[in-house]
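Please read the structure below before turning to the comments.
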2 protein chains.
Amino acid sequence: MKDCIHYGNCEICCCEKTPSLFDKLSKTEFEALHDQRKEVVFKPGEVIFKQGTALTHFACFKEGMAKVYHERPEGSNILINLVGSGKLCGSIGLYTDNVHHATVQALTDVKICLISAKNIEKLLTQNNDMAVDLITNKNESIIELTNKLANLTYKSMAGRVADVLLYLQKDIYKSDSFDLNLTRQDLADLAAMTKESFIRSLKEMKDSGIINVNRNQINIINLNALLLISEK
Amino acid sequence: MKDCIHYGNCEICCCEKTPSLFDKLSKTEFEALHDQRKEVVFKPGEVIFKQGTALTHFACFKEGMAKVYHERPEGSNILINLVGSGKLCGSIGLYTDNVHHATVQALTDVKICLISAKNIEKLLTQNNDMAVDLITNKNESIIELTNKLANLTYKSMAGRVADVLLYLQKDIYKSDSFDLNLTRQDLADLAAMTKESFIRSLKEMKDSGIINVNRNQINIINLNALLLISEK
DNA sequence: CAGACTTATTGATATATATCAATTATAAGA
DNA sequence: TCTTATAATTGATATATATCAATAAGTCTG
């Protein structure tokens, strides 16, 4: 356990991998935030935030992985993204309607720090660097969402499946081989298709030697081929 | 021409209908911004910002209407939204990669004020209220994009066409009857489908008496039916 | 006003993807 | 270990939507 860069040696604080937001705080500001944090752990499947409920706290992810999905009235979900260590989560309702706009559910054992939204709001009106950092973060989200929108609406199945695999490889597991902690349904929700279609498309890629699939273990053999499929 | 609330009687300034962002500025701050603005007019079809080019200025819409669309390599576009009087446009690349992430094209005669991004950046590090206002604005965009994502990926054609009509009625023309300044292709790009499919779906709604369509004039006869179709 | 061009509409057909149903594999409890 | 539940896979079929092609309507320009 390395020392906390903000606050001496705080082995249970949310800051070993802190959202960049908090790097902008003064020592005093950070200490105040740190002291009021609530650390909570979740088991796989447990819901961290439920879409539609009041936004009272933000989550800083310390350990583990969670899925963020938008629930639709008829029961279908769209999986927006995955979040892990160092990510801030739950700030979309801030200054708008103060409710959560997505459900966040643990995929592994998860450890988060809950930070009161009221406190964040207060800091944002005091500390410009922090506000600017949040704007940056928001713009990044908008860029990602716009790309996702374009990809999901205009690419065919194979391209969307390739995109999911590339997302997992590049942004999540940071390796060509990884053990999923997502079900096929989750993967399909990420690609906006049915699980049957996802499985078939995955099998095709396996049969043509681009990837190897063994239960929840995925191995990308030919990254270039995958990138090519994603282009189309 | 009413007096400018910020700056005495400035009949050509960008502030008769100002983005709420600028309401947060002090008189001095606003004057500085006002003095460096560049007012520009565009004719229908002219490109205001081109996706991929450097982000040097923001646009404040004073008059007219423009479409904001994401261009894809193969030539298909996804129409993100329409912008008109009082809207701020072009801030997505701010603090990220400093390029425009969408093309903005005039649909009518358009009058905008260009505000230097550098100046906005400077103000954001000085004025917290302005930064908070921008965060609010960004969160609203994220909510809209998430809803759009969910609607475009999970609704069938009829629902998406209904959504487009409801968007035009509620957010753009603010009336049950309106004269479009969009082509059928634009409408289709807004609903993420082909123009042929859009036309067919529109015709079905006309045939069942929910709307009336006459060239570019659209009349919503049965709003509840439209809302019902949108639900599905 | 004629001709060229763009936009809108309609129809026939192809195709991608969802749906439904059945089977197999895996995990979790008793 | 047997039993039950859950997740993954495969196949057959239906359906929504895109594609292609042809025509019609409107608009611009010399």
Side-chain angles (χ1 to χ4, degrees), chain A residues 43-46 67 72 74-79 105 107-108 150-165 179-207 211-218 229 232, chain B residues 43-46 67 72 74-79 105 107-108 150-165 179-207 211-218 229 232:
Chain A
K43 286 198 212 318
E46 289 184 339
K67 60 178 178 177
R72 296 189 42 79
E74 350 81 62
S76 55
N77 298 325
I78 175 143
L79 217 161
Q105 188 178 20
L107 290 169
T108 64
N151 289 337
L152 291 187
T153 51
Y154 279 109
K155 283 187 185 175
S156 63
M157 266 186 10
R160 271 139 59 206
V161 170
D163 283 344
V164 168
L165 295 176
D179 265 318
L180 290 171
N181 15 46
L182 294 161
T183 65
R184 296 292 192 267
Q185 182 64 61
D186 289 332
L187 295 173
D189 289 343
L190 212 42
M193 62 179 71
T194 61
K195 63 177 182 310
E196 292 93 334
S197 292
F198 192 96
I199 287 167
R200 272 184 261 266
S201 187
L202 208 64
K203 188 180 151 74
E204 251 176 52
M205 289 180 184
K206 184 184 178 178
D207 289 348
I211 57 170
N212 206 359
V213 184
N214 203 322
R215 290 206 38 64
N216 281 335
Q217 187 155 40
I218 289 186
I229 293 171
K232 197 206 81 80
Chain B
K43 288 200 212 316
E46 289 184 341
K67 60 177 177 178
R72 295 186 46 75
E74 350 80 63
S76 56
N77 297 325
I78 175 144
L79 216 160
Q105 188 178 21
L107 291 168
T108 64
N151 288 336
L152 291 186
T153 50
Y154 277 110
K155 282 187 186 177
S156 63
M157 266 184 12
R160 270 140 59 204
V161 170
D163 282 344
V164 168
L165 295 175
D179 266 317
L180 290 171
N181 16 46
L182 294 162
T183 66
R184 295 291 192 267
Q185 184 64 62
D186 288 333
L187 295 173
D189 287 343
L190 212 40
M193 62 180 70
T194 60
K195 62 178 183 311
E196 292 93 334
S197 291
F198 192 96
I199 288 166
R200 272 185 259 267
S201 187
L202 208 63
K203 188 180 152 72
E204 251 176 53
M205 288 181 186
K206 184 185 179 179
D207 289 347
I211 57 171
N212 206 359
V213 184
N214 204 322
R215 292 205 36 65
N216 281 334
Q217 187 156 40
I218 288 187
I229 293 172
K232 196 207 83 76

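No hydrogens, no waters, no symmetry mates; every other heavy atom, side chains included, goes into these values. All figures in this text were calculated on a predicted structure; none of them were measured in a lab. So that the names make sense, note that chain A is the first sequence line, chain B the second, and so on, each numbered from 1.
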Point to revise | B:Lys195 vs C:dT7: side-chain N/O to OP1/OP2 distance below 4.0 Å | key: no
**Study point:** B:Asn77 CG to B:Arg72 CZ distance, which is reported to the nearest 0.5 Å
**Key:** 10.0 Å
Check your understanding: Who pairs with B:Thr153 by side chain to side chain donor-acceptor pair (under 3.5 Å), at least two apart in sequence or on another chain?
Key -> none
Study note, to complete from the structure: Nearest heavy-atom contact between B:Met205 and B:Ala162 is CE-N, 3.9 Å
Check your understanding: Roughly, in whole Å, what's the span from CD in A:Glu204 to C1' in D:dT10?
Key -> 14 Å
Practice item. Rounded off to whole Å, could you give me the CD1-to-P distance for the A:Ile199 and D:dG11 pair? Key: 13 Å
Distance-only criterion, 3.5 Å: show the donor-acceptor pairs between side-chain atoms of residues 187-201 of chain A and protein atoms not counting sequence neighbours.
| residue | atom | partner | partner atom | Å |
| --- | --- | --- | --- | --- |
| A:Asp189 | OD1 | A:Gln185 | NE2 | 3.0 |
| A:Thr194 | OG1 | A:Ser197 | N | 3.3 |
| A:Thr194 | OG1 | A:Ser197 | OG | 3.1 |

Practice item. Could you state the atom-to-atom distance from CG of A:Asp207 to C1' of D:dT10 in whole Å? Key: 12 Å
Exercise for review: Report the distance from atom CG of B:Asn216 to atom C1' of C:dT6, rounded to the nearest whole Å.
Suggested key: 13 Å
Practice item. Could you state the atom-to-atom distance from NZ of A:Lys203 to C1' of C:dA25 in whole Å? Key: 15 Å
Revision key, fill the gap. Sequence neighbours excluded, the answer for side chain to side chain donor-acceptor pair (under 3.5 Å) partners of A:Asn216 is A:Arg184
Revision key, fill the gap. One should read off an interatomic distance between A:Asn151 CG and A:Asp163 CG, to the nearest 0.5 angstrom, of 5.0 Å
Review point. Which atoms form the tightest heavy-atom contact between A:Ile218 and A:Leu165, and what is the distance?
Key: CD1-CD2, 3.9 Å
Point to revise | Backbone N/O of A:Lys43 and side chain of A:Glu46: donor-acceptor pair under 3.5 Å | key: yes
**Study point:** From B:Lys67 atom NZ to B:Leu182 atom CG, the distance as rounded to the nearest 0.5 Å
**Key:** 7.5 Å
Revision key, fill the gap. The contact string for nucleotides 17-28 of chain D, one letter per nucleotide 5' to 3', using protein heavy atoms under 4.0 Å with B, S and - for base, sugar-phosphate only and none, comes out as SSBB-----SS-
Review point. Using rotation axes that map the C1' atoms of four end pairs onto the next four (five pairs an end), what angle separates the end axes of the helix from C:dC1-D:dG30 to C:dA30-D:dT1, to 10°?
Key: 40°
Review point. Which of residues 179-188 of chain B sit near DNA chain D, with a heavy atom under 4.0 Å from it?
Key: none
Check your understanding: Side chains of B:Leu152 and A:Leu152: does their closest heavy-atom pair fall under 4.5 Å?
Key -> no
Review point. How about A:Ile211 and A:Leu202: do any of their side-chain heavy atoms sit closer than 4.5 Å?
Key: yes
